[in-house]
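Report on one structure; see the data block that follows.
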Amino acid sequence: MRAVALALGLTLAGCSVPEGFWRDQYVFIGDQGTVMPLGVLRWSDGHAELKGWLGQGGRWRSSLDRRFAIAGRDASSLERTLRVFSAQAGPSARVTLRGGSSPESAMHLRVRTPSRDLRLSAARLPVVGESGDPEGPSSYRAGRGELRSGRTREAGWILVESTPTARPKRGFVSYGDYALVLVASRERGALLLKRSLDVAGFDHAFVVSESGTRETRDVRAEVGADRLRVASPALGLDASMSIDDRETSRGVAPHGLALSYQTLLLSGDYAGVAFLIHPQGGGAT
């Protein structure tokens, strides 16, 4: 009897899910200016959130924001979470992902809403690198791909941020005055940058081009009313982008601090998106 109980205990331990949350973000940055970020967050306590935007013509044209319940054991799996989302959302919205499990495999991501049918694909998405910060580890990939909408096709960059399956992020950390910048251009390549003005350990940047990938923790980011500037002396980087549109929401962190969340649509030296977190009354990052 004790042997059976021990075996059962080992089985349950092997099936347990680490506590924390996972975040996967796919960002398409088209050569003609289309920007499509899609993020899926999942928590081990059994809930998830899917957020997406479509930026065209210098504006956020549409957005998708859904919160839904999942089984805690499914939180580490992006594919299972998307299946749950599509089943709950019904015909009004479906998101499916095929492939992309390895850097050399093809990836196909489809987002269907009542007004859109968007298909994102890439033959391969090479690994850029991994970064650790107070929140936890993130892995990054980047490569060229294509976005299809009806008969329209647009080539561009696809940037991916993922949480390693076996290493979830902490439930909550203080970000301070924070920016995550995911941008690219046909000529310059891709840039993935994160920066906190107040909290140590976040700063990191990857620059991806035809000549390879460079990275550094020597980064700067300044956010103004209508421009965002990023710089890194170590990489010889100094780029300025116009903030074409800005979506803002507000919330309260678990420790009671009021926060402002902003999603910026960018163009200029690079195009793409920046996600900002400002403590209430926060200024430039």
Side-chain angles (χ1 to χ4, degrees), residues 17 21-30 32-57 59-103 105-125 139 141-163 165 168-169 182 245 247 249 261 263 265 272-273 275:
V17 177
F21 81 96
W22 290 258
R23 180 179 62 233
D24 285 77
Q25 298 196 107
Y26 289 76
V27 179
F28 173 77
I29 303 161
Q32 277 74 56
T34 298
V35 178
M36 188 186 82
L38 178 75
V40 187
L41 290 83
R42 300 95 65 196
W43 284 264
S44 58
D45 66 0
H47 71 284
E49 183 174 0
L50 187 148
K51 301 191 71 170
W53 297 262
L54 181 65
Q56 291 178 318
R59 290 175 52 199
W60 290 126
R61 297 286 178 178
S62 60
S63 62
L64 179 64
D65 188 350
R66 299 285 181 87
R67 297 184 180 184
F68 54 101
I70 59 172
R73 64 179 179 275
D74 291 338
S76 63
S77 172
L78 174 61
E79 291 81 0
R80 287 199 296 270
T81 299
L82 290 178
R83 285 198 293 270
V84 171
F85 168 79
S86 295
Q88 292 184 359
S92 64
R94 292 180 179 269
V95 179
T96 56
L97 175 67
R98 293 189 294 109
S101 57
S102 72
S105 66
M107 183 277 298
H108 302 275
L109 178 66
R110 186 177 185 183
V111 181
R112 287 176 287 173
T113 69
S115 60
R116 308 276 182 180
D117 187 356
L118 304 169
R119 304 185 187 209
L120 186 62
S121 62
R124 57 190 296 268
L125 289 170
S139 61
R141 291 183 288 160
R144 297 286 293 174
E146 178 184 81
L147 179 66
R148 294 173 57 192
S149 177
R151 297 183 178 181
T152 302
R153 300 188 177 199
E154 185 174 352
W157 281 90
I158 299 174
L159 313 183
V160 180
E161 180 195 46
S162 301
T163 303
T165 301
K169 297 181 179 299
L182 301 163
D245 202 356
E247 182 180 281
S249 62
Y261 301 91
T263 306
L265 179 62
V273 62
F275 301 102

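Just so you know, these numbers use all the heavy atoms, side chains as well, and skip hydrogens, waters and symmetry mates. These numbers come from a predicted model, not from an experiment.
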For the pair Trp157 and Arg144, evaluate side chain to side chain contact (heavy atoms under 4.5 Å, CB included) and give the outcome as yes or no after the intermediate values.
CA-CA 5 Å; Trp157 281 90; Arg144 297 286 293 174; 3.3 Å; yes
Verify side chain to side chain contact (heavy atoms under 4.5 Å, CB included) between Leu159 and Gln25, making sure each step is shown before the conclusion.
CA-CA 8 Å; Leu159 313 183; Gln25 298 196 107; over 6 Å; no
Give the C-alpha distance, both sets of side-chain angles, the deciding distance and a yes or no for side chain to side chain contact (heavy atoms under 4.5 Å, CB included) between Val40 and Tyr26.
CA-CA 9 Å; Val40 187; Tyr26 289 76; over 6 Å; no
If you apply the rule side chain to side chain contact (heavy atoms under 4.5 Å, CB included), what do you find for Leu120 with Val111, and how did you get there?
CA-CA 8 Å; Leu120 186 62; Val111 181; over 6 Å; no
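In this structure, the separation between CG on Leu147 and CZ on Arg119 is 11.0 Å, given to the nearest 0.5 Å. One finds the CZ atom of Arg98 at 10.5 Å from the CG atom of Leu109 (value rounded to the nearest 0.5 Å). Here the OG1-CG distance, from Thr163 to Leu41, works out to 8.0 Å after rounding to the nearest 0.5 Å. Taking OG of Ser77 as the reference point, atom CZ of Arg83 lies at 6.5 Å (rounded to 0.5 Å). Atom OG of residue Ser62 and atom CZ of residue Arg59 lie 10.5 Å apart, to the nearest 0.5 angstrom.
Counting heavy atoms from C-beta on, the side chains of Glu154 and Met36 never come closer than 4.5 Å. Between Phe275 and Leu182 the shortest side-chain heavy-atom distance falls below 4.5 Å. With a 4.5 Å cut-off on side-chain heavy atoms, Leu97 and Met107 count as touching. Put simply, the side chain of Ser44 reaches to within 4.5 Å of the side chain of Trp22, judged on heavy atoms. Side-chain contact between Glu161 and Arg23 is present, with at least one heavy-atom pair separated by less than 4.5 Å. Taking the side chain as every heavy atom from C-beta outward, Phe85 and Ile70 never approach each other to under 4.5 Å. You'll find the side chain of Ile158 stays beyond 4.5 Å of the side chain of Glu146, heavy atoms only.
When each of Arg141, Arg42, Lys169 is tested with Asp24 by the rule salt bridge (Lys or Arg N to Asp or Glu O under 4.0 Å), just one qualifies, namely Arg42. The only member of Val273, Leu38, Val160 that meets side-chain contact (heavy atoms from CB on, under 4.5 Å) when paired with Val27 is Val273.
Of the possible donor and acceptor atoms, one in the side chain of Arg61 sits under 3.5 Å from a partner among the backbone N and O of Gln56. In terms of modelled atom types and a separation under 3.5 Å, the side chain of Ser149 and the main chain of Thr152 share no donor-acceptor contact. Between the side chain of Asp245 and the main chain of Trp60, a donor-acceptor pair closer than 3.5 Å is present. Ser63 places no side-chain N or O within 3.5 Å of a backbone atom of Trp53 that could act as its donor or acceptor partner.
Phe68 and Gln88 make their closest contact through CB-OE1, 2.9 Å (heavy atoms, listed as atom of the first residue, atom of the second, distance). Among all heavy-atom pairs drawn from Leu125 and Gly143, the shortest one is CD2-N, 3.6 Å. The two residues Ser105 and Gly99 come nearest to each other via the heavy atoms OG-C, 4.4 Å.
Ring orientation note: the planes of Phe21 and Trp43 are close to parallel, at an angle under 30° on the 30°/60° scale.
The pair Asp117-Arg110 meets the salt-bridge criterion, since a charged nitrogen lies less than 4.0 angstrom from a carboxylate oxygen.
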